[in-house]
Amino acid sequence: MTNQHPQEIELKLQLPPGAVDAFLARMARRRARPVALTFVTRYFDTPDFALSAAGVALRVRRAGRRWLQTLKTEGARQGGLSRRIEFEMPTRGGALDWTRFPPEALAYVPEALRGEVVPVFETHFRRTAWQVNGRAGARIEVALDVGEIVAGTRSQPISEVELELKAGQPDALFALALEWAGIFGCLPLDLSKAERGVRLARGVAAAPMKSAEVALCHGLSVEDGFAAIVQGCLAHFQANLPGVLASDDIEYVHQARVALRRLRAALRLFRGVCVVPQALMAGARGIAASLGPARDWDVLAVETLPVIAPHYPDADAWRRGLAAIEARRQEARAAMRAALGATQPGAWLLGMQRWLLQQGWRTDATQAQRLAQLAPLDDWARRMLKRGHRRIARDARTFGTLSPAARHALRIAIKRQRYAVEFFQPLFAGKRLVRYLAILRDAQDSLGRANDARVASTLMAVVGAAAGPMGDFVRGWLAARLAAGDDNACAVHMQTFLDTPTFW
């Protein structure tokens, strides 16, 4: 018999391995009987992973004495919540039986590929499942999976919680997930076991992720554009968050900060039409503040000091000074992780995703009607870009007379305009857009160099005498750089900005 779910709605959480026992103890207090099974799952694909590239997961799973074969398709995913089409039915042994899939399932795997499909990796895990009641009469299956993914000689641990909606509204999943994120430090998890297994089989290591272009199209409403842009920023942050918490690769912290800056720029851009609750805004600010100091020390150690090092004559003294700076840097990284844990970023991400799902900016019927009457996103974007351009042009014309504080404010305005252009880029095209965006980036970098020097000077003062004579040399270098300034280059960029045609 075919067990077909037209749409599977589930929310997946990454559970810290050390929290498994506490999670089991908490679930024991519920009036739900646990069912425990051990699963061995064999995933299939072509040698070049054509199915996974097409968003298809194909598997055969043994649960006790039963074998099931399943085909899943990639669907909408955000903040751990996924909606996917799934076809599942009994089979015999651990091999695929194509004749058992219905025609609508086979349509996802072209006949030419079926003969090429081979086992590529396996998952071995113990699942403990409960049927629980959620908000507003919802029924939810909670499954705790603990085990590993195995691909040849490589393996990766599994420690996750899946909440599958059996009846009711998806909001019930978020209500339960938010409770556990606050207690256990869970993070939303978008990558399925199949996707992680493919990466493991291909030897693709986890890496920091840059922002992706937002999928905007002509004629989109302002609301839908807002939701897509915010979702893109959240996905950017979520993808880098595990690396911030566990990796020493400094690019994770950098990309997480960029994601939050882009998010705050987007929320500011749309603040006249889509207002975010103060609690969520405060959460974003708190997370950003926890990342800032560690990133400042990273920039000093990895970007600023290597430029100065070739000009210092005593290599041994430089190494001793660098060791003192590195000690401070490691302290900042440890403090960052402690502060980040206190902000509960997983719960904040889930809260943001829940707010997006509920369209929480529609505070009442009047607001909903006003939003419906707004011009299409294309026209609204032009208006916002014009406003941002005028703000920059005003200070660019009088750049030579601006105070340091005013120049700092100008740099922030340029950064916000750059993000706005990147958000709306899919709605426009042409060389003018490329040129305008390049000018914004050059101007931001030019103004940012002075800011980096000021921050570096502050950090070197914190290190103080521990850096020895190397520290005196670096502080002198930075003071000279600040005194010399970058006025000429900045002034050129400002004039180029004024001379560059807009694209909207």
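Everything quoted here is computed from the prediction, not taken from an experiment.
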Say whether Q417 and H389, considering side chains only, have a donor N or O and an acceptor N or O under 3.5 Å apart.
no

Has the side chain of Q367 got a donor or acceptor atom that lies under 3.5 Å from a matching backbone atom of V273?
yes

Find the distance between CZ (R383) and NZ (K386) and round it off to the nearest 0.5 Å.
9.5 Å

Can you find a pair of side-chain heavy atoms, one from K193 and one from D145, that are under 4.5 Å apart?
yes

Backbone N/O of A201 and side chain of R154: donor-acceptor pair under 3.5 Å:
yes

With a 3.5 Å distance limit and no angle check, can you tell me whether Q344 reaches the backbone of G182 through a side-chain donor-acceptor pair?
yes

side-chain contact (heavy atoms from CB on, under 4.5 Å), paired with W504, selected from D379, L385, D378:
L385

With no hydrogens and no angle check, is any side-chain donor or acceptor of E116 less than 3.5 Å from a backbone partner on L113?
no

Mind listing the closest non-hydrogen atom pair of S211 and Q255 along with its distance?
N-OE1, 4.2 Å

Please state whether the rings of Y436 and F503 are parallel, tilted or perpendicular, taking 30° and 60° as the class boundaries.
perpendicular

Would F101 and V109 count as a side chain to side chain contact (heavy atoms under 4.5 Å, CB included) here? Give the steps.
CA-CA 11 Å; F101 282 117; V109 185; over 6 Å; no

Which heavy atom in R337 sits nearest to a heavy atom in A246, and how many Å separate them?
NH2-C, 3.8 Å

CZ of F125 to OG1 of T38: how many Å apart, nearest 0.5 Å?
9.5 Å

Between R418 and Q444, do the side chains contain an N or O donor and an N or O acceptor separated by less than 3.5 Å?
yes

Strictly distance-based, threshold 3.5 Å: is any side-chain N or O of Q69 a donor or acceptor partner for the main-chain N or O of D97?
yes

Would a 4.5 Å heavy-atom cut-off, applied to side chains only, mark V244 and M336 as touching?
yes

Which heavy atom of R416 sits nearest to which heavy atom of A265, and what is that distance?
CG-CB, 4.4 Å

Between F270 and W361 (judged by ring centroids, cut-off 6.0 Å), do the two rings come close enough to count as a pair?
no

Distance-only, no hydrogens or angles: does the D45 side chain make a donor-acceptor pair with backbone N or O of V198 under 3.5 Å?
no

Considering all heavy atoms of both residues, which atom of S290 and which atom of L340 are nearest to each other, and what is their separation?
OG-CD1, 3.4 Å

Working to the nearest 0.5 angstrom, can you tell me the gap between M384 CE and R268 CZ?
11.0 Å

Looking at every non-hydrogen atom in both residues, tell me the closest pair between L163 and A177 and how far apart they are.
CD2-N, 4.2 Å

Could you tell me which non-hydrogen atom of F237 sits nearest to which non-hydrogen atom of A256, and how far apart they are?
CD1-O, 3.7 Å

Given 3.5 Å as the limit, does a donor-acceptor pair link the side chain of S159 with the main chain of L15, or not?
yes

Between Q14 and E160: side-chain donor-acceptor atoms closer than 3.5 Å
no

Do the non-hydrogen side-chain atoms of E195 and R199 ever get within less than 4.5 Å of each other?
no

Does the pair V60 and L96 meet the rule for a side chain to side chain contact (heavy atoms under 4.5 Å, CB included), with working shown?
CA-CA 7 Å; V60 172; L96 284 171; 3.7 Å; yes

Could E88 and R59 be called an ion pair, given the rule that one side-chain N must be under 4.0 Å from one carboxylate O?
yes

Any non-hydrogen side-chain atom of L245 less than 4.5 Å from a side-chain atom of L187?
yes

Donor-acceptor side-chain pairing of D171 and Q358 below 3.5 angstrom
yes

For the pair Q238 (side chain) and P188 (backbone), establish whether a donor and an acceptor sit closer than 3.5 Å, ignoring hydrogens and angles.
yes

Euclidean distance, L260 CG relative to W348 CH2, rounded to 0.5 Å
5.5 Å

Are F23 and W180 an aromatic pair, judged by ring center distance below 6.0 Å?
yes

For Q369 and T366, test the side chains for any donor-to-acceptor distance below 3.5 angstrom and give the result as yes or no.
no

Would R441 and E422 pass as an ion pair if we require N to O under 4.0 Å?
yes

Counting only heavy atoms not in Q169, do more than 12 sit closer than 6.0 Å to its CD atom?
no

Nearest 0.5 Å, please: how far is CG in L144 from CG in L13?
11.0 Å

Kindly indicate, with the supporting measurements, whether the criterion side chain to side chain contact (heavy atoms under 4.5 Å, CB included) is fulfilled by V132 and M27.
CA-CA 10 Å; V132 303; M27 291 302 295; 4.1 Å; yes

If we only count heavy atoms from C-beta on, is the V230 to W355 side-chain gap below 4.5 Å?
no

Answer yes or no: is there a side-chain heavy-atom contact under 4.5 Å between L437 and Q425?
yes

If you count heavy atoms of other groups shown closer than 6.0 angstrom to CZ of R387, is the number above 12?
no

Is the shortest distance from a Lys or Arg side-chain nitrogen in R127 or E162 to a carboxylate oxygen in the other one below 4.0 Å?
yes

Any heavy-atom pair between the side chains of V253 and R333 that's under 4.5 Å?
yes

Let's go through R257 and H254 carefully: what are the C-alpha distance in whole Å and the side-chain angles of both, what is the deciding distance for side chain to side chain contact (heavy atoms under 4.5 Å, CB included) to 0.1 Å, and is it a yes or a no?
CA-CA 5 Å; R257 285 191 81 205; H254 176 50; 5.6 Å; no

Within the 4.5 Å heavy-atom criterion, are R285 and R264 side-chain neighbours or not?
yes

Determine, for D190 against K12, whether the closest basic-nitrogen to carboxylate-oxygen distance falls under 4.0 angstrom.
no

Can you tell me how far the CG atom of D48 sits from the CZ atom of R202, to the nearest 0.5 Å?
8.0 Å

